[in-house]
Colleague: 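Mind looking over this structure? Questions follow.
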Amino acid sequence: MGTPPFIIVAIDGGAASGKSSTSRLLAERFNLLHVDTGSFYRQLTSELLRCSVAYTDITAIQSALTNLQLTTRLNGRSAQMLIGGQPAGDEIRGQQINANVSHYAAIPAVRAALLAYQRGQVDVAKQHGFRGLVMEGRDIGSVIFPDADFRFFLHADPIERAKRRAAEGRQDSIAERDRLDTSRKNAPLVVPSGATDIDSTFLTLEQVVEKLAALIAAKIT
Ligand code: CDP
Ligand code: CDP
């Protein structure tokens with residue numbers, strides 16, 4: 001028997017729609033590398049804020065992004081991005097980043113700085129012997145991997161999503177981030193054509209995972 005083909009699973013959706021929890025469980029089930037691209041945008045935002053580069057100052061952003069050194073180390077099954085050798089801190093999940101990240105993520109130079117790095121996660125997954133990767137974000141099925149083997153889009157009612165965040169004890173700007181992410185010109189949050197659209201408003205996390213896992217298993221086994 002030969003090596004099974006490498007698979008790419010793309011998961012997109014709005015804020016707190018369940019992307020990370022679902023991706024982590026799928027990664028475990030199918031031996032995939034888990035890549036949370038939202039954490040990359042958060043980390044880059046944190047770095048630009050640390051350097052006092054405002055999202056309105058495109059020239060300063062471009063200059064800060066020159067010579068950006070991005071490498072990867074594994075944290076369990078998840079890819080952890082290092083900027084200049086440094087991992088993200090806990091602040092990337094805090095309110096300051098929640099309030100700023102979508103502004104930075106709308107800037108073409110910021111998206112361009114992460115594009116090749118994200119696609120390069122295929123090599124990271126292969127080097128570490130994973131069977132494939134599951135990448136989550138806003139533009140994975142539309143821009144990063146439009147030819148992914150599986151493309152899913154997770155929906156959930158905004159009120160339910162706010163409740164899920166609150167249950168985690170976290171404050172978030174869900175509606176505002178969705179508004180900015182959907183309305184930007186460059187790689188907006190859209191349901192990619194041909195993607196499987198799942199409304200998880202009335203589903204538990206386990207039910208969502210079972211649905212996606214069944215669709216994946218049916219095609220790869
Ligand atoms: O976890 P949550 O869904 O709340 O957000 P996230 O996935 O951590 O993403 C944070 C922000 O990064 C989003 O609101 C987008 O502005 C941006 N993002 C993006 O533009 N493209 C991606 N592929 C992933 C995230
Ligand atoms: O990554 P994203 O921001 O899209 O969402 P998440 O961080 O995976 O999910 C936010 C919260 O909602 C987590 O605490 C999940 O356990 C929970 N969740 C849920 O209650 N029901 C679902 N169907 C999916 C997620």
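Whatever order the structure lists them in is the order used to number ligands and atoms, beginning at 1. Just so you know, these numbers use all the heavy atoms, side chains as well, and skip hydrogens, waters and symmetry mates.
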Colleague: Does Gln95, at its CD atom, have more than 12 non-hydrogen atoms belonging to other residues, nucleotides or ligands within less than 6.0 Å?
Modeller: yes

Colleague: Tell me, do Asn98 and Arg42 make a side-chain contact under 4.5 Å, heavy atoms counted?
Modeller: yes

Colleague: With heavy-atom distances below 4.0 Å as the criterion, list the atoms of ligand 2 near Val208.
Modeller: 23 (N)

Colleague: If two hydrophobic side chains count as joined below 4.5 Å and joins carry through other members, does Val35 share a cluster with Leu44?
Modeller: yes

Colleague: Indicate yes or no: does an N/O atom of Lys19 lie under 3.5 Å from an N/O atom of ligand 1?
Modeller: yes

Colleague: For ligand 1, which atoms, with element, lie under 4.0 Å from some heavy atom of Arg184?
Modeller: 16 (O), 19 (C), 20 (O), 21 (N)

Colleague: Should Arg77 and Leu32 count as side-chain neighbours, where that means a heavy-atom distance under 4.5 Å?
Modeller: no

Colleague: With the side chain counted from C-beta on, respond yes when Asp12 and Pro192 share a heavy-atom pair under 4.5 Å apart, and no when they do not.
Modeller: yes

Colleague: Please tell me whether Glu136 and His34 have a donor and an acceptor in their side chains that are separated by less than 3.5 angstrom.
Modeller: yes

Colleague: May I ask you to check whether Asp36 has an N/O atom sitting below 3.5 Å from an N/O atom of ligand 1?
Modeller: no

Colleague: According to the interplanar angle, ranging from 0 to 90°, do the rings of Phe152 and Phe150 count as parallel (below 30°), tilted (30 to 60°) or perpendicular (above 60°)?
Modeller: parallel

Colleague: So if I count the atoms of ligand 2 from 1 in the order they appear, which ones are less than 4.0 Å from some heavy atom of Ser17?
Modeller: 2 (P), 4 (O), 5 (O)

Colleague: Can you confirm, on distance only, whether ligand 1 has an N/O atom lying under 3.5 Å from any N/O atom belonging to Glu136?
Modeller: no

Colleague: As an exercise, identify every atom of ligand 2 less than 4.0 angstrom from a heavy atom of Ser21.
Modeller: 6 (P), 8 (O), 9 (O), 13 (C), 15 (C), 16 (O)

Colleague: Heavy atoms, side chains only, cut-off 4.5 Å: are Gln96 and Glu91 in contact?
Modeller: no

Colleague: For atom 5 (O) of ligand 2, what is the closest protein heavy atom, and at what distance to 0.1 Å?
Modeller: Gly18 N, 3.0 Å

Colleague: Under a 4.0 Å heavy-atom limit, does Thr22 contact ligand 2 with its side chain, its backbone, both, or neither?
Modeller: neither

Colleague: Quick check on contacts: which atoms of ligand 1 are under 4.0 angstrom from a heavy atom of Ala15?
Modeller: 3 (O), 4 (O)

Colleague: Show me which atoms of ligand 1 lie under 4.0 Å from any heavy atom of Val101.
Modeller: 11 (C), 12 (O)

Colleague: Under 4.0 Å, heavy-atom basis, I'd like to know which part of Arg138 is in contact with ligand 1: side chain, backbone, both or neither.
Modeller: both

Colleague: For Arg165, state whether at least one heavy atom is located under 4.0 Å from any atom of ligand 2.
Modeller: yes

Colleague: Apply salt bridge (charged side-chain N to carboxylate O under 4.0 Å, His left out) to residues Asp172 and Arg177 and explain how you reach the verdict.
Modeller: CA-CA 9 Å; Asp172 201 346; Arg177 284 201 288 126; 2.7 Å; yes

Colleague: Got the closest protein heavy atom to atom 9 (O) of ligand 1, with its distance?
Modeller: Gly38 CA, 3.5 Å

Colleague: Taking side chain to side chain donor-acceptor pair (under 3.5 Å) as the cut-off, I'd like each qualifying pair that reaches into residues 99-110, sequence neighbours left out, listed once.
Modeller: Ser102-Asp181

Colleague: So, does Arg24 use its side chain to make a donor-acceptor pair with the main chain of Ser78 at under 3.5 Å?
Modeller: no

Colleague: Less than 4.0 Å between a side-chain N and a carboxylate O, is that true for Glu160 and Arg164?
Modeller: yes

Colleague: Please state which protein non-hydrogen atom is closest to atom 24 (C) of ligand 1 and give its distance, to 0.1 Å?
Modeller: Thr37 OG1, 3.4 Å

Colleague: Just distances here: any N/O of Asp181 and N/O of ligand 1 closer than 3.5 Å?
Modeller: yes

Colleague: Give the numbers and elements of all ligand 2 atoms closer than 4.0 Å to a heavy atom of Glu168.
Modeller: 10 (C), 11 (C), 13 (C), 14 (O)

Colleague: Please list, in number order, the atoms of ligand 1 under 4.0 Å from a heavy atom of Arg93.
Modeller: 8 (O)

Colleague: Met135 near ligand 1, heavy-atom distance under 4.0 Å?
Modeller: no

Colleague: Measure the distances from the heavy atoms of Gly13 to every atom of ligand 2 and state whether one is below 4.0 angstrom.
Modeller: no

Colleague: What's the shortest distance from atom 18 (N) of ligand 2 to any protein heavy atom, and which residue and atom give it?
Modeller: Arg164 CD, 3.6 Å

Colleague: Using a strict 4.0 Å cut-off to heavy atoms of Ala105, name the atoms of ligand 1 that fall inside it.
Modeller: 16 (O), 17 (C), 20 (O)

Colleague: Looking at atom 4 (O) of ligand 1, what's its closest protein heavy atom, distance included?
Modeller: Arg177 NH2, 2.5 Å

Colleague: Below 4.0 Å, non-hydrogen atoms only: which portion of His103 touches ligand 1? Side chain, backbone, both or neither.
Modeller: neither

Colleague: As an exercise, identify every atom of ligand 2 less than 4.0 angstrom from a heavy atom of Ala16.
Modeller: 2 (P), 3 (O), 4 (O), 5 (O)

Colleague: Which of the numbered atoms in ligand 2 are below 4.0 angstrom from a heavy atom of Ser20?
Modeller: 1 (O), 2 (P), 8 (O)

Colleague: Is it the case that atom CD1 in Ile159 sees more than 12 heavy atoms from other parts of the structure closer than 6.0 Å?
Modeller: no

Colleague: Measure the distance from atom 23 (N) of ligand 2 to every protein heavy atom, then report the residue, atom name and distance (to 0.1 Å) of the closest one.
Modeller: Leu203 O, 3.1 Å

Colleague: Which of the atoms of ligand 2 are close to Thr204, meaning less than 4.0 Å from one of its heavy atoms?
Modeller: 23 (N)

Colleague: Taking distance alone, no hydrogens or angles, what donor-acceptor pairs closer than 3.5 Å link side-chain atoms of residues 54-69 to residues at least two apart or in another chain?
Modeller:
residue: Asp57; atom: OD1; partner: Ala60; partner atom: N; Å: 3.2
residue: Thr66; atom: OG1; partner: Gln62; partner atom: O; Å: 2.9
residue: Thr66; atom: OG1; partner: Ser63; partner atom: O; Å: 3.1

Colleague: What I'd like to find out is whether the side chain of Thr196 reaches to under 4.5 Å of the side chain of Lys211, using heavy atoms alone.
Modeller: no

Colleague: Do you know the tightest heavy-atom contact between Gln43 and Leu82?
Modeller: NE2-CA, 4.1 Å

